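Below: the structure, in structure tokens.
Below, chains carry the letters A, B, ... as their sequence lines are ordered, and counting in each starts from 1. What you are looking at is a predicted structure, and each value in this text was computed from that prediction instead of being measured.
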Protein chains: 2
Amino acid sequence: MARSSFSYLFCGESNEAQELHRMAARVVVPAKQTIFSEDERADSVFGLSEGTVRLFKLLPDGRRQIVALALPGEFLEMPMIGRYRHSAAAIGEVELARFPRKQLVAHIRSSPKLLSLLVDFATRQLNLAQVQLVMLGKGSAEERVLFFLNTWRDRMAALEPFQPYLPLPMWREDIADLLGLTIETVSRTLSRLDRKNVIRVVPKGVILTGLEPPSLGSMADSQTT
Amino acid sequence: MARSSFSYLFCGESNEAQELHRMAARVVVPAKQTIFSEDERADSVFGLSEGTVRLFKLLPDGRRQIVALALPGEFLEMPMIGRYRHSAAAIGEVELARFPRKQLVAHIRSSPKLLSLLVDFATRQLNLAQVQLVMLGKGSAEERVLFFLNTWRDRMAALEPFQPYLPLPMWREDIADLLGLTIETVSRTLSRLDRKNVIRVVPKGVILTGLEPPSLGSMADSQTT
DNA sequence: CGGCGTGTTGAAGACTTTCAACGTATGTGG
DNA sequence: CCACATACGTTGAAAGTCTTCAACACGCCG
């Protein structure tokens with residue numbers, strides 16, 4: 001099994017990973033394609049092997065809020081639930097592991113190890129969501145953008161060694177919908193940070209020149225003792 | 001064991017509830033008292049038996065964001081984690097079940113039933129957080145207040161039969177910090193909704209006169225098939 | 001009865017959004 | 001290989017919403 005497959009990333013090198021892997025179908029989805037939509041029956045469960053996926057909710061009038069950006073090793077939704085609670089779409093081309101839900105659920109229920117991993121995963125997601133709540137509730141436009149860049153940098157660093165060049169595979173619209181801003185405000189804020197020499201805005205990313213750790217701690221760890 | 005104890009509310013009438021109950025110490029905390037603070041070592045895990053608890057994060061400059069309001073039957077934090085990820089404070093007087101964390105964790109790990117319940121709980125919390133993300137990111141002041149009232153009404157209805165009078169045990173400041181607004185804006189918005197005959201503002205609550213279901217669906221269910 | 005914590009209302013100010021125009025990049029077809 | 005079309009990004013000016021600062025009202029408890 002490849003080190004870059006979802007099952008390995010989620011479970012590590014274990015029997016559980018092997019078993020998950022056997023159960024999964026590899027699916028490649030082209031950029032910008034929808035993977036599933038909110039309220040659909042969740043007959044499949046998806047794990048992300050490669051690429052970035054936006055998880056979002058739509059309001060009746062078309063407003064969109066991104067609730068999370070998924071990275072490799074993460075489920076696109078909580079697996080035990082029978083209906084998708086948000087929509088998912090590929091940002092660039094992505095590679096997914098698709099599981100038949102009934103089969104996956106039965107397997108998870110029978111494995112304390114997997115249940116524990118799932119609790120840890122959910123805990124991590126909850127932490128991420130709550131930190132983002134703080135940003136949306138209390139942060140100015142500049143704080144939100146800096147928070148996003150810091151968070152993104154930390155999450156990327158967990159996948160590959162740090163580089164001053166931080167790739168941003170998503171569009172301005174995605175950043176805006178994640179931070180509860182408009183694309184214009186995001187653009188203006190990035191420009192202002194560039195003028196202040198905090199970052200350098202380059203195509204498809206930024207170069208971090210003067211970025212200190214965020215004020216909310218790295219919320220990536222879910223130490224499980 | 002009382003029907004109103006945390007263990008019963010969390011597990012239902014089962015052996016697991018009995019065992020949890022044995023492990024718990026009953027603690028009563030007076031109104032406004034802090035229960036634990038963010039970043040402290042989480043040697044105890046708390047479940048809520050009675051009352052309302054605010055879970056919040058503080059920014060270095062003192063700004064406060066409430067990430068959730070806990071109701072009876074809910075853990076105040078994810079139990080498997082060694083350090084509190086947010087602070088908790090009693091709104092009115094509350095009754096808690098306090099568990100020694102090491103013991104509780106060991107017990108949970110050994111019980112697939114409890115692990116499953118925990119996954120379901122985490123899933124529900126994640127859904128709540130994500131719906132709130134949408135509100136904070138995309139909602140106007142009026143939408144946020146209506147969303148809060150609807151959500152609160154739904155959560156209360158799950159505990160006791162619906163009444164047109166909706167008690168609001170928390171202060172204006174809590175509502176403001178939950179919705180990412182100021183107390184003045186909350187107050188003005190409630191007054192405006194009163195003038196529009198959508199609600200009637202009364203001491204310690206509101207009377208719902210013309211409130212339709214929220215636009216985001218009841219996010220209380222985490223159907224687990 | 002008085003005082004403090006809490007809630008409401010008003011007016012000025014700040015920040016983000018909206019609407020609009022312009023710039024830049026990418027990719028396809030001639 | 002260039003030209004143009006389209007999608008994405010940036011910038012400006014006006015407008016709107018929420019915040020801030022301030023004053024006042026209400027209610028509870030000593």
Side-chain angles (χ1 to χ4, degrees), chain A residues 30-33 54 59 61-65 89-93 135-149 167-196 199-207, chain B residues 30-33 54 59 61-65 89-93 135-149 167-196 199-207:
Chain A
K32 303 193 192 191
Q33 187 168 308
R54 96 178 130 245
L59 293 177
D61 60 1
R63 284 175 293 180
R64 190 181 73 162
Q65 174 69 38
I91 289 184
E93 180 179 284
M135 271 304 111
L136 292 193
K138 288 279 158 345
S140 64
E142 185 165 319
E143 287 173 315
R144 296 187 202 194
V145 170
L146 282 175
F147 163 77
F148 163 71
L149 292 176
L168 297 177
M170 73 294 294
W171 317 114
R172 290 288 183 271
E173 188 175 6
D174 293 319
I175 301 177
D177 286 347
L178 178 73
L179 300 180
L181 301 170
T182 60
I183 53 178
E184 292 95 330
T185 300
V186 171
S187 185
R188 272 188 260 271
T189 305
L190 286 172
S191 298
R192 191 173 334 123
L193 291 173
D194 189 315
R195 279 194 295 278
K196 290 205 242 170
I199 61 174
R200 201 100 290 158
V201 179
V202 297
K204 296 264 84 185
V206 296
I207 295 170
Chain B
K32 302 193 192 189
Q33 186 167 309
R54 93 177 134 248
L59 293 177
D61 60 1
R63 283 176 292 179
R64 189 180 74 162
Q65 175 69 38
I91 289 183
E93 181 179 284
M135 271 304 110
L136 292 193
K138 289 279 155 357
S140 65
E142 185 165 320
E143 287 173 315
R144 295 186 203 194
V145 170
L146 283 174
F147 163 77
F148 163 71
L149 292 176
L168 297 177
M170 72 293 294
W171 318 112
R172 290 287 183 272
E173 188 176 6
D174 293 320
I175 301 177
D177 286 348
L178 179 72
L179 299 181
L181 301 170
T182 60
I183 53 178
E184 293 94 330
T185 301
V186 171
S187 185
R188 272 189 260 271
T189 305
L190 285 172
S191 299
R192 190 173 335 122
L193 290 173
D194 189 316
R195 279 193 295 278
K196 290 205 242 171
I199 61 174
R200 201 101 291 158
V201 178
V202 297
K204 296 264 84 184
V206 295
I207 295 170

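Separating the CD1 atom in I175(B) from the CZ atom in F148(B) is a distance of 4.5 Å, to the nearest 0.5 Å. To the nearest 0.5 Å, the span separating CZ on R195(A) from CG on L193(A) amounts to 9.0 Å. Distance check: L179(A) CG to L146(A) CG gives 10.5 Å after rounding to the nearest 0.5 Å.
Rounded to whole angstrom, the span from the CD atom of E173(B) across to the C1' atom of dT8(C) amounts to 15 Å. Atom CG in D194(B) sits roughly 14 Å away from atom C1' in dT9(C) (whole-Å rounding). Whole-Å rounding puts the E143(B) CD to dC18(D) P distance at 9 Å. L190(A) places its CG atom 14 Å from the C1' atom of dC8(D), with the value rounded to the nearest Å. Rounded to an integer number of Å, the gap from L179(B) CG to dC18(D) C1' is 13 Å. We find that CG of L136(A) is positioned 14 Å from C1' of dT16(C), with the value rounded to whole Å. Between D174(B) atom CG and dG7(C) atom P the separation is 9 Å, expressed in whole Å. One interatomic measurement links the two molecules: CD1 of I183(B) to C1' of dT9(C), which rounds to 12 Å at whole-angstrom precision.
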Point to revise | Where protein sits on nucleotides 22-30 of chain D, one letter per nucleotide: B base, S sugar-phosphate only, - none, heavy atoms under 4.0 Å | key: ---------
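A side-chain contact (heavy atoms from CB on, under 4.5 Å) with S140(A) is found for one member of R144(A), K138(A), E143(A) and no other, namely E143(A).
A salt bridge is defined here as a Lys NZ or Arg NE, NH1 or NH2 lying under 4.0 Å from an Asp or Glu carboxylate O, and R54(B) with E173(B) fails to meet this definition.
Looking at the side chain of W171(B), the nearest of the listed nucleotides dC18(D), dG9(D), dT6(C) is dT6(C). Distance from the side chain of T182(B) is smallest for dT19(D) among the nucleotides dT10(D), dT19(D), dT16(C).
Taking side-chain N and O atoms only, T185(B) has no distance below 4.0 Å to OP1 or OP2 of dC18(D).
Here V186(A) lies out of heavy-atom contact (under 4.0 Å) with every strand. Within the nucleic acid shown, S191(A) comes within 4.0 Å of sugar-phosphate atoms alone, with no base atom in reach, counting heavy atoms only. At a threshold of 4.0 angstrom between heavy atoms, the contacts of K32(A) are confined to the sugar-phosphate backbone, with no base atom among them. Counting non-hydrogen atoms under 4.0 angstrom, L181(B) reaches the backbone sugars and phosphates but no base.
In this structure, Q65(B) contributes its side chain and L178(B) its backbone to a donor-acceptor pair below 3.5 Å.
Residue R188(B) places a side-chain atom within donor-acceptor reach of the base of dG10(C), judged by atom type and a 3.5 Å distance cut-off alone.
For the salt bridge (charged side-chain N to carboxylate O under 4.0 Å, His left out) condition, the pairs that include at least one residue of residues 180-193 of chain A, sequence neighbours left out, are E142(A)-R192(A).
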